[in-house]
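Just so it is clear, the structure is predicted and the values come from calculations on it, not from any experiment. Atom set for the values below is all heavy atoms of this structure, side chains included, hydrogens, waters and symmetry mates excluded.
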Number of protein chains: 2
Amino acid sequence: MKQQNASESSPFKHDQADDSPGFLLWKLVALWQGKLARIFNEFSITQTQFAIMASLLWFEQQHEPPTQARLVEHAKIDKMTLSKAIRKLEEAGLVHREPSAIDTRSIQVRFTANGRELIHQAIVAVERADDEFFSCLTEQQLASYKALTISIVAGNSP
Amino acid sequence: MKQQNASESSPFKHDQADDSPGFLLWKLVALWQGKLARIFNEFSITQTQFAIMASLLWFEQQHEPPTQARLVEHAKIDKMTLSKAIRKLEEAGLVHREPSAIDTRSIQVRFTANGRELIHQAIVAVERADDEFFSCLTEQQLASYKALTISIVAGNSP
DNA sequence: GGCATATAGTAACCTAGTTTACAATGATTG
DNA sequence: CAATCATTGTAAACTAGGTTACTATATGCC
């Protein structure tokens, strides 16, 4: 029983019913992404755009210079993807871009009033979704879930 | 302090350091997806193609007729996405498609020898990654993590 | 100053996946 | 049997995102 050829043996270590932690995570993520997708849809933005605007808001609150390069760093998004996303956001009238006076290569990104308003609302909506999503857990369970997640993140961080 | 306008108040309920469960989940998923992406890359397949082939293998083991429509149902993938993915898999010599004799609209998808071999190896690799990813937890913690995840999935299933 | 090297951003191209609309066949019911 | 309805799969157009290769500017070093 030690060696079998591919057509006879099953590679599945767990039955689908049994559920490996990875497969469970997969299902969880599908649900979570779905919930987020619905929100982003309402606001007509993508996940990426949300991440960018949330970072931008963060910078604004920290009074850090919001150049694209800094956003790339902070939001951990590919710089080309960011470049294009910012253009879209500009088209949509949510941000505008102004060349920096200090470093003329770089571009400062700033919210329009609309953009700032939208990201505020979106963040609130996401946080509400978050609450809802985990509302089936007790305080204790939630604390435990967070602690475990933190461990796993820590155990797998580069 | 009850009412503030958007430019003054912060919508962030949690500090980034504090970490809402959703944000933690986001980070976890980023790591997990990254790990999977590296594997899929090695095998030159996409996540979608992996899911499809895993479903197909499942059908094969259950001796169920592997039509595209059945795959769509089981893998919960959009039928157009599946149609195109299958074509790619055929191009890559991993499956072939043969019109069904019973229902001439439908198409039966079958592994080639290469395809079957590849999905076996990929599944093993994914399961190893899975083990690795959660290896920082003790047995007990893992059991607890799974139980909590199952609760959340159950609490958010349609 | 002047040359090498790093950095900010982008244009052009590529791929995966989604939406919409449709053709072909099968099932159902009068 | 014929008219209607459902199912299977696809073509075409579109979008988001990523890769490669490039321009322009800045910085460091002699």
Side-chain angles (χ1 to χ4, degrees), chain A residues 29-30 33-34 36-41 43-53 55-56 59 64-92 94-110, chain B residues 29-30 33-34 36-41 43-53 55-56 59 64-92 94-110:
Chain A
V29 168
Q33 308 264 49
L36 289 186
R38 260 168 276 138
I39 293 176
F40 295 148
N41 227 318
F43 288 95
S44 300
I45 56 177
T46 64
Q47 211 178 10
T48 311
Q49 290 175 327
F50 176 81
I52 292 171
M53 287 198 284
S55 284
L56 184 52
F59 280 179
E64 274 197 60
T67 66
Q68 294 192 185
R70 296 284 297 114
L71 284 168
V72 161
E73 245 179 277
H74 188 261
K76 294 189 180 75
I77 287 175
D78 175 81
K79 69 177 182 172
M80 190 64 228
T81 303
L82 186 125
S83 170
K84 293 210 285 190
I86 296 276
R87 299 302 191 100
K88 287 271 170 161
L89 289 173
E90 192 180 35
E91 265 178 52
L94 300 175
V95 303
H96 41 63
R97 308 178 314 129
E98 27 182 276
S100 163
I102 307 134
D103 185 338
T104 62
R105 292 169 308 178
S106 73
I107 289 174
Q108 308 259 346
V109 184
R110 307 221 178 269
Chain B
V29 168
Q33 308 264 49
L36 289 187
R38 260 168 275 139
I39 294 175
F40 295 148
N41 226 319
F43 289 95
S44 301
I45 56 176
T46 65
Q47 212 179 8
T48 311
Q49 290 175 327
F50 176 81
I52 292 170
M53 287 198 285
S55 283
L56 185 52
F59 280 178
E64 273 197 62
T67 66
Q68 294 190 185
R70 297 284 297 117
L71 284 168
V72 161
E73 244 179 277
H74 187 261
K76 293 186 180 75
I77 288 174
D78 175 82
K79 68 179 182 174
M80 190 65 225
T81 302
L82 187 126
S83 170
K84 293 215 285 191
I86 296 276
R87 300 301 190 100
K88 288 273 169 156
L89 289 173
E90 192 180 34
E91 267 178 50
L94 300 175
V95 304
H96 41 62
R97 308 179 314 130
E98 28 182 276
S100 162
I102 308 134
D103 184 339
T104 62
R105 291 169 307 178
S106 73
I107 290 176
Q108 308 259 344
V109 184
R110 307 218 179 271

Verdict with reasoning, B/Met80 to B/Lys84, per side chain to side chain contact (heavy atoms under 4.5 Å, CB included) = CA-CA 6 Å; B/Met80 190 65 225; B/Lys84 293 215 285 191; 3.7 Å; yes
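- Residue A/Thr81 places its side chain closer to D/dG17 than to any other of D/dG9, D/dA11, D/dG17.
- Salt bridge annotation for B/Arg87-B/Glu90: absent, with no cationic side-chain nitrogen under 4.0 angstrom from a carboxylate oxygen.
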Any chance you could lay out the side chain to side chain contact (heavy atoms under 4.5 Å, CB included) test for B/Leu71 and B/Ile77, step after step, and finish with the verdict?
-> CA-CA 8 Å; B/Leu71 284 168; B/Ile77 288 174; over 6 Å; no
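- Of the candidates D/dT25, D/dT8, D/dT10, the closest approach to any side-chain atom of A/Thr104 belongs to D/dT25.
- Between the CD atom of B/Gln33 and the C1' atom of D/dG18 there is a distance of 16 Å, given to the nearest Å.
- Bending across the helix from C/dG1-D/dC30 to C/dG30-D/dC1, expressed as the angle between its end axes from five pairs apiece, amounts to 10° (10° rounding).
- Nucleotide D/dG18 holds its C1' atom 9 Å from the CE atom of A/Met80, rounded to whole Å.
- Whole-Å rounding puts the B/Asp78 CG to D/dG9 P distance at 13 Å.
- Judged by closest nucleotide on DNA chain D, B/Arg70 is the one of A/Ala85 and B/Arg70 placed further toward the 5' end.
- Nearest to the side-chain atoms of B/Ala69 among the listed nucleotides D/dG9, D/dG18, D/dT25 stands D/dG9.
- Going from atom CD1 of A/Ile45 over to atom C1' of D/dA16 covers 14 Å, rounded to whole Å.
- In this entry the distance linking CG of A/Leu82 with C1' of D/dG17 reads 12 Å, nearest Å.
- Taking a heavy-atom distance under 4.0 Å as the criterion, the stretch of DNA chain C touched by chain A extends 5' to 3' from C/dA6 to C/dC13.
- Considering only side-chain N and O atoms, B/Ser106 lies nowhere under 4.0 angstrom from the phosphate OP1 or OP2 of D/dT7.
- The line from CD1 of B/Ile86 to CZ of B/Arg97 is 8.0 Å long, rounded to the nearest 0.5 Å.
- For the pair B/Arg87 CZ and D/dA12 C1', the computed distance is 14 Å after rounding to whole Å.
- Base engagement by A/Lys79 is indicated by at least one non-hydrogen atom pair under 4.0 Å involving a base atom.
- When heavy atoms are screened at a 4.0 angstrom cut-off, B/Asp103 is found touching the sugar-phosphate backbone but no base atom.
- In this structure, the NZ atom of A/Lys88 is 15 Å from the P atom of D/dG18, given to the nearest Å.
- Residue-level contact check: A/Lys84 touches the bases, meaning some heavy atom is under 4.0 Å from a base atom.
- The two residues B/Ile45 and B/Met53 have their closest heavy-atom pair at CG2-CE, 4.0 Å.
- In this structure, B/Ser55 and B/His74 approach most closely via the heavy-atom pair OG-ND1, 2.9 Å.
- For A/Arg105 against D/dT25, a side-chain N or O and a base N or O form a donor-acceptor pair under 3.5 Å.
- When heavy atoms are screened at a 4.0 angstrom cut-off, B/Ile107 is found touching the sugar-phosphate backbone but no base atom.
- Between A/Glu91 atom CD and D/dA16 atom C1' there is a gap of 13 Å when expressed in whole angstrom units.
- Closest heavy-atom contact between A/Leu82 and A/Gln68: CD2-CB, 3.6 Å.
- A salt bridge is defined here as a Lys NZ or Arg NE, NH1 or NH2 lying under 4.0 Å from an Asp or Glu carboxylate O, and B/Arg70 with B/Glu73 meets this definition.
- Shown here for B/Pro66 and B/Arg110, the closest heavy-atom pair between the two residues is CG-NH1, 3.6 Å.
- Taking OG1 of B/Thr48 as the reference point, atom CG of B/Leu89 lies at 10.0 Å (rounded to 0.5 Å).
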